[in-house]
Amino acid sequence: MLIRELKDTDFDDMVETYFSFYAEVEADPSFGLLPFHQRPTKEEEHKWLSETLRDVGSGNSMIRVAEVGSHVMGWCDVRRARLGSPIDHRGVLGICIWKEFRSRGVGTALMREVLEKCRGKFEIVELSVLASNPRAFKLYKRFGFKEIGVLPEAVKRSGVYIDERLMYLKL
Ligand SMILES: CC(C)(COP(=O)(O)OP(=O)(O)OC[C@H]1O[C@@H](n2cnc3c(N)ncnc32)[C@H](O)[C@@H]1OP(=O)(O)O)[C@@H](O)C(=O)NCCC(=O)NCCS
């Protein structure tokens with residue numbers, strides 16, 4: 001496995017991974033990610049990823065991808081909270097791994113690299129994790145994230161409410 005910077009040739013793999021989450025939500029409404037109700041088009045996803053690359057260039061995003069067997073199987077990013085405002089010292093972290101490669105240390109390797117690169121760029125990294133996602137919660141705790149509160153019934157999916165745990169790391 002290789003942890004490396006994002007390239008525009010990774011976009012197809014990443015879109016495929018993102019689209020696979022719809023099937024996971026369908027199979028398990030407590031699944032830890034929150035894709036849009038309306039599935040975006042491949043073109044919209046490419047545009048969004050191009051913007052991510054641009055934001056990396058301007059220092060407003062940090063992202064690393066995990067490559068396994070010449071394909072991107074997951075990524076972790078930190079995006080600056082509302083640029084040009086008094087909250088832009090904060091970064092919001094997101095992470096996801098293709099189903100078959102979870103619980104093999106890929107998330108740990110991605111987080112280690114991304115958080116290291118965030119030092120000096122962001123002062124605070126924040127995230128939210130569903131109460132139904134103990135694997136992600138354990139990962140974040142291991143990197144020193146503190147739970148600072150719970151938003152009760154923050155997510156409603158298939159009629160089921162799920163609490164959201166808010167977490168914070170001071171770099
Ligand atoms: C959450 C996610 C990013 C973690 O990445 P990963 O590669 O699976 O994580 P790792 O293998 O590096 O570490 C996971 C840890 O959780 C543990 N774990 C696995 N299943 C668990 C469970 N059901 N409950 C508690 N801990 C669990 C593992 O043992 C491991 O800890 P260890 O290294 O001390 O043994 C990944 O599983 C994923 O993409 N999940 C779906 C998307 C998602 O939930 N994203 C996060 C949204 S907040």
Side-chain angles (χ1 to χ4, degrees), residues 1-6 10-40 45 48-49 52 56 61-81 90-118 122 124-158 160-171:
M1 179 193 41
L2 175 68
I3 305 295
R4 60 163 175 78
E5 292 183 14
L6 173 67
D10 299 328
F11 292 1
D12 282 338
D13 283 346
M14 293 168 81
V15 173
E16 200 183 328
T17 300
Y18 182 72
F19 285 172
S20 75
F21 298 142
Y22 282 87
E24 292 204 66
V25 172
E26 188 76 28
D28 175 13
S30 71
F31 180 61
L33 292 174
L34 304 171
F36 291 110
H37 287 312
Q38 177 79 41
R39 187 171 149 145
E45 283 297 290
W48 186 76
L49 288 164
T52 300
V56 168
S61 281
M62 172 53 59
I63 181 165
R64 287 291 181 270
V65 302
E67 182 186 308
V68 185
S70 78
H71 285 284
V72 168
M73 291 301 167
W75 61 93
C76 176
D77 59 21
V78 174
R79 293 163 188 272
R80 195 173 298 285
R90 291 162 37 190
V92 183
L93 185 140
I95 184 168
C96 58
I97 318 284
W98 178 266
K99 192 173 184 190
E100 280 72 27
F101 288 90
R102 291 181 199 147
S103 286
R104 298 189 195 182
V106 178
T108 301
L110 279 168
M111 291 268 297
R112 187 177 298 121
E113 175 86 8
V114 165
L115 291 175
E116 195 48 47
K117 298 288 181 224
C118 280
F122 302 95
I124 291 167
V125 178
E126 67 193 71
L127 59 86
S128 69
V129 53
L130 299 192
S132 54
N133 196 354
R135 179 167 47 194
F137 184 74
K138 181 173 179 189
L139 179 66
Y140 303 142
K141 287 283 275 187
R142 183 135 43 87
F143 280 93
F145 279 82
K146 290 194 175 70
E147 184 174 6
I148 48 165
V150 174
L151 199 57
E153 302 180 331
V155 172
K156 185 180 179 187
R157 209 151 52 184
S158 305
V160 176
Y161 293 94
I162 311 170
D163 295 349
E164 201 169 28
R165 307 167 91 168
L166 309 176
M167 301 187 83
Y168 157 104
L169 176 73
K170 190 137 170 63
L171 288 177

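For ligands, and for the atoms within them, numbers begin at 1 and follow the listed sequence.
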Visitor: CE of Met62 to CZ of Arg80: how many Å apart, nearest 0.5 Å?
Guide: 10.0 Å

Visitor: Specify the closest pair of heavy atoms between Gly74 and Leu110, including all atoms of both residues, with the distance to one decimal.
Guide: C-CD1, 4.0 Å

Visitor: Going by heavy atoms, is Gly74 under 4.0 Å from ligand 1?
Guide: no

Visitor: Ligand 1 versus Leu33, non-hydrogen atoms closer than 4.0 Å: side chain, backbone, both, neither?
Guide: side chain

Visitor: Pick one: which of Ile63, Val114, Asp13, Thr52 meets side-chain contact (heavy atoms from CB on, under 4.5 Å) with Trp75?
Guide: Ile63

Visitor: What are the two closest heavy atoms between Ala131 and Arg165, and how far apart are they?
Guide: CA-CD, 4.0 Å

Visitor: Tell me which protein heavy atom sits closest to atom 45 (N) of ligand 1, plus the residue, atom name and distance to 0.1 Å.
Guide: Ile95 O, 2.9 Å

Visitor: In the protein, what heavy atom is nearest to atom 23 (N) of ligand 1, and what distance, to one decimal place, separates them?
Guide: Pro134 CG, 4.0 Å

Visitor: Between Arg4 and Glu113, is the side chain to side chain contact (heavy atoms under 4.5 Å, CB included) condition met? List the steps.
Guide: CA-CA 9 Å; Arg4 60 163 175 78; Glu113 175 86 8; over 6 Å; no

Visitor: Please report which non-hydrogen protein atom sits nearest to atom 12 (O) of ligand 1, along with the residue it belongs to and the distance in Å to one decimal place.
Guide: Thr108 OG1, 2.5 Å

Visitor: Minimum heavy-atom separation for Ile162 to Ser30, with atom names?
Guide: CD1-CA, 3.8 Å

Visitor: Enumerate the atoms of ligand 1 whose separation from the nearest heavy atom of Ser103 is less than 4.0 angstrom.
Guide: 6 (P), 7 (O), 8 (O), 11 (O), 19 (C), 20 (N)

Visitor: Output the distance between atom NZ (Lys117) and atom CD1 (Ile3), rounded to the nearest 0.5 Å.
Guide: 12.0 Å

Visitor: Just how far is it from atom CG of Leu33 to atom CD1 of Ile95, taken to the nearest 0.5 Å?
Guide: 10.0 Å

Visitor: Identify, by atom number and element, the atoms of ligand 1 in contact range of Gly105, meaning under 4.0 Å from any of its heavy atoms.
Guide: 10 (P), 11 (O), 12 (O)

Visitor: Hey, does Gly107 come in under 3.5 Å of ligand 1, counting only N/O atoms on both sides?
Guide: yes

Visitor: If we set the cut-off at 4.0 Å for heavy atoms, which region of Leu139 has an atom near ligand 1: side chain, backbone, both, or neither?
Guide: side chain

Visitor: Counting each atom of ligand 1 from 1 as listed, which ones have a heavy atom of Cys96 under 4.0 Å away?
Guide: 39 (O)

Visitor: Within ligand 1, which atoms have a heavy atom of Arg104 less than 4.0 Å away?
Guide: 11 (O)

Visitor: Which heavy-atom pair separates Phe36 from Tyr22 by the least distance, and what is that distance?
Guide: O-OH, 2.7 Å

Visitor: Name the closest protein heavy atom to atom 34 (O) of ligand 1, giving the residue it belongs to and the distance to 0.1 Å.
Guide: Lys138 NZ, 3.3 Å

Visitor: What residue and heavy atom of the protein are closest to atom 39 (O) of ligand 1, and at what distance?
Guide: Ile97 N, 2.7 Å

Visitor: Nearest 0.5 Å, what's the CZ-CE distance between Arg64 and Met111?
Guide: 14.5 Å

Visitor: Between ligand 1 and Trp98, can you find any atom pair, the residue atom being a heavy atom, that is separated by under 4.0 Å?
Guide: no

Visitor: Only heavy atoms of Val106, strictly under 4.0 Å: list the atoms of ligand 1 that pass.
Guide: 7 (O), 12 (O)

Visitor: Kindly say whether Phe31 contributes a backbone atom to a donor-acceptor pair with the side chain of Arg157 at under 3.5 angstrom?
Guide: yes

Visitor: Below 4.0 angstrom, counting only protein heavy atoms, does anything approach atom 42 (C) of ligand 1?
Guide: yes

Visitor: Is the shortest distance from a heavy atom of Phe31 to ligand 1 less than 4.0 Å?
Guide: yes

Visitor: Of the side chain and backbone of Ser128, name the one, both, or neither that has a heavy atom under 4.0 Å from an atom of ligand 1.
Guide: backbone

Visitor: Return the closest protein heavy atom for atom 48 (S) of ligand 1 as residue, atom name and distance.
Guide: Tyr140 OH, 3.1 Å

Visitor: Are Tyr168 and Tyr140 side-chain neighbours, meaning at least one heavy-atom pair lies under 4.5 Å?
Guide: no

Visitor: Specify the protein heavy atom at minimum distance from atom 16 (O) of ligand 1: its residue, its atom name, and the distance to 0.1 Å.
Guide: Arg135 CG, 3.5 Å

Visitor: Is the shortest N/O to N/O distance between Ala136 and ligand 1 below 3.5 Å?
Guide: no

Visitor: Just let me know how Trp75 lines up against ligand 1, side chain, backbone, both or neither, with a heavy-atom cut-off below 4.0 Å.
Guide: neither

Visitor: What heavy-atom pair brings Phe19 and Glu45 nearest, and what distance separates the two atoms?
Guide: CE2-CG, 4.2 Å

Visitor: Taking a cutoff of less than 4.0 Å between a non-hydrogen atom of the residue and any ligand atom, is Arg142 in contact with ligand 1?
Guide: yes

Visitor: To the nearest 0.5 Å, tell me how far Ser128 OG sits from Asp163 CG.
Guide: 12.0 Å

Visitor: Please report which non-hydrogen protein atom sits nearest to atom 44 (O) of ligand 1, along with the residue it belongs to and the distance in Å to one decimal place.
Guide: Asn133 ND2, 2.7 Å

